[in-house]
Amino acid sequence: MNPPRDHGGGLDAALARFGGTRGQWVDLSTGINPIPFEFPPLSRDAWTSLPDAIATEALVEAARDFWTVPAGAAVLAAPGASALIANIPSLVPPGRLRIAERTYNEHEAAFRTQGWTVTHGEEASDARVVVHPNNPTGLPWSGADEPPGRALMVIDESFCDIALGASHVRSRATEPGTLILKSLGKFWGLAGLRLGFAIGDPELVEKLRDALGPWPVSGPALEIGHAALSDMEWANRTRQRLHVDAARLDALMQSKGAEVAGGTALFRLYRVDDARVWQDRLARGHVWSRIFPYEKTWLRLGLPPDHGWEKLEAALA
């Protein structure tokens with residue numbers, strides 16, 4: 001059995017250790033937009049009928065428009081980016097994967113489960129995974145160091161919608177072997193919806209479609225996803241708010257002695273003297289944060305919701 005993987009969340013364990021109820025806590029351990037997209041009322045058919053092809057195609061077309069997907073690239077809606085990550089390693093024969101050592105750990109775990117050898121260096125490889133921008137450092141990936149011809153190239157853009165112009169969809173989605181992942185859980189704040197997309201090589205996308213089976217996306221997710229991807233005004237307004245709130249969080253943390261080490265407009269990474277001590281300090285004020293087993297000085301915080309700023313300030317005091 002594989003060991004448990006390190007993630008944000010885990011609020012149940014925090015409650016067991018530090019007390020309180022869920023309603024009394026502010027969970028900043030994830031990079032999820034704390035003010036989510038407010039979707040319109042759903043039709044009765046969304047709940048009572050099998051997801052139909054027309055609704056699926058409408059969602060895919062909205063995704064094509066939002067991300068400016070080239071005509072030669074395929075688009076697949078899926079029940080969350082995690083479902084895609086779990087299935088991607090089986091699309092081509094196992095070989096050597098290149099991936100950064102400090103990045104979202106589900107990718108490496110999925111490849112290892114499928115028999116791949118993993119390297120964190122510059123060695124030649126059959127597949128590569130990059131997270132753009134990276135989680136947790138927030139560093140972008142320019143693509144300048146990537147030669148063509150790799151059997152599988154995965155670009156995880158789950159956090160990239162904070163800067164739509166930075167996406168590699170328009171420049172790389174038509175390259176053979178390439179898959180670009182998107183998620184509605186982060187920027188739109190709809191993690192419970194479980195809706196993600198694979199964009200890229202039509203042959204690989206078709207294999208993913210077969211692996212996911214019929215009706216992979218629920219009727220409610222089809223309608224909500226279509227509404228979210230069609231509302232560019234909300235997206236533009238939200239980007240502005242997220243950047244303002246990220247700057248506010250930086251100022252607050254710096255005033256308490258933390259150093260900005262990276263992040264995005266959805267989460268901030270700080271360098272502190274002892275991250276576990278900081279996590280416990282915040283938890284005693286019922287604020288949950290994220291620390292990392294491989295770097296004892298890194299503390300990551302998501303953005304607080306409107307009611308969470310006061311609680312965070314009190315926990316830091």
Check whether any side-chain N or O of Asn87 sits under 3.5 Å from a backbone N or O of Ala83 as a donor-acceptor pair, and report yes or no. yes
So, are Asp280 and Arg17 salt-bridged, with charged N and O less than 4.0 Å apart? yes
Look only at the side chain of Arg290 and the backbone of Gln279, and say whether a donor-acceptor pair between them is shorter than 3.5 Å. no
Option among His120, Glu122, Glu146 that satisfies the side-chain hydrogen bond (donor to acceptor under 3.5 Å, both in side chains) test with Arg98: Glu122
Sorted by chain and residue number, the side chain to side chain donor-acceptor pair (under 3.5 Å) partners of Arg239 (sequence neighbours excluded) come out as Asn236
Between CG of Leu242 and CD of Gln240, what distance do you get to the nearest 0.5 Å? 10.0 Å
Members sharing Trp215's hydrophobic cluster, built from side-chain contacts under 4.5 Å between Ile, Leu, Val, Met, Phe, Trp and Tyr, are Leu50
Cluster overlap Val287 with Ile32, hydrophobic side-chain contacts below 4.5 Å: no
Row check, Trp309 ring normal vs Arg248 NZ/CZ: under 6.0 Å, within 45°: yes
Common cluster, Leu316/Val277, ILVMFWY with side-chain heavy-atom separation under 4.5 Å: no
Can you tell me if CD on Glu38 sees more than 12 non-hydrogen neighbours from other groups inside 6.0 Å? no
How about Leu152 and Phe111: do any of their side-chain heavy atoms sit closer than 4.5 Å? yes
So do the side chains of Arg22 and Asp12 get within less than 4.5 Å of each other, counting heavy atoms only? yes
Distance-only polar pair, side chains of Ser125 and Arg150, donor-acceptor under 3.5 Å: yes
For Pro89, is there any backbone N or O sitting under 3.5 Å from a side-chain donor or acceptor partner on Trp116? yes
Report yes or no: does Ser230 contribute a side-chain atom to a donor-acceptor pair with the main-chain N or O of Ala227 at less than 3.5 Å? no
For atom CD of Glu310, is the number of surrounding heavy atoms from other residues, nucleotides or ligands below 6.0 Å larger than 12? no
Salt-bridge contact Asp245-Arg241 (side-chain N to carboxylate O under 4.0 Å): yes
Identify, with sequence neighbours excluded, every residue that meets side-chain contact (heavy atoms from CB on, under 4.5 Å) alongside Ser183. Ala81, Ser158, Lys186
Is it true that Glu123 and Arg96 have a side-chain N and a carboxylate O under 4.0 angstrom from each other? no
Below 30° counts as parallel, above 60° as perpendicular, anything between as tilted: where do the rings of Phe159 and Phe267 land? perpendicular
Under 3.5 Å, is there a donor-acceptor pair between the Ser90 and Gln114 side chains? no
Between Leu76, Ile88, Ile199, which is the residue that forms a side chain to side chain contact (heavy atoms under 4.5 Å, CB included) with Leu179? Ile88
With sequence neighbours excluded, residues passing side-chain contact (heavy atoms from CB on, under 4.5 Å) with Ala163: Ala166
May I ask you to check if Arg281 and Trp278 form a cation-pi contact, with NZ or CZ under 6.0 angstrom from the six-membered ring centre and within 45° of the axis? yes
If you define the side chain from C-beta out and look only at heavy atoms, does anything of Pro36 sit under 4.5 Å from Trp188? no
Close side-chain approach of Leu184 to Phe37, heavy-atom, < 4.5 Å: no
Under the ring-ring contact (aromatic ring centres under 6.0 Å, His included) rule, collect the residues that match up with Tyr270, sequence neighbours excluded. none
Is any side-chain heavy atom of Val169 closer than 4.5 Å to a side-chain heavy atom of Pro70? yes
Tell me, do Trp298 and Ile291 make a side-chain contact under 4.5 Å, heavy atoms counted? no
Output, in order, the C-alpha distance, side-chain angles, deciding distance and verdict of side-chain hydrogen bond (donor to acceptor under 3.5 Å, both in side chains) for Asp201 and Thr178. CA-CA 6 Å; Asp201 186 329; Thr178 296; over 6 Å; no
Joint cluster assignment, Val129 & Leu139, ILVMFWY side-chain distance < 4.5 Å: no
Go through the structure and list residues passing ring-ring contact (aromatic ring centres under 6.0 Å, His included) with His168, not counting sequence neighbours. His132, Trp141
Ion pair Lys182/Asp156, N-O distance below 4.0 Å: no
State whether the side chain of Glu223 and the backbone N or O of Ser43 hold a donor-acceptor pair below 3.5 Å, judged by distance alone. yes
When rounded to the nearest 0.5 angstrom, what distance separates CZ in Phe39 from CG in Leu193? 7.5 Å
Do Thr238 and Asn33 have side chains that get closer than 4.5 Å, going by heavy atoms? yes
Should we say atom CZ of Arg276 is surrounded by more than 12 heavy atoms from elsewhere, each under 6.0 Å from it? no
Answer whether the closest heavy-atom distance between the side chains of Arg128 and Ile99 falls below 4.5 Å. no
Sidechain N-carboxylate O distance under 4.0 Å for Arg268, Asp250: yes
Arg102 side, atom CZ; Glu295 side, atom CD - distance, nearest 0.5 Å: 5.0 Å
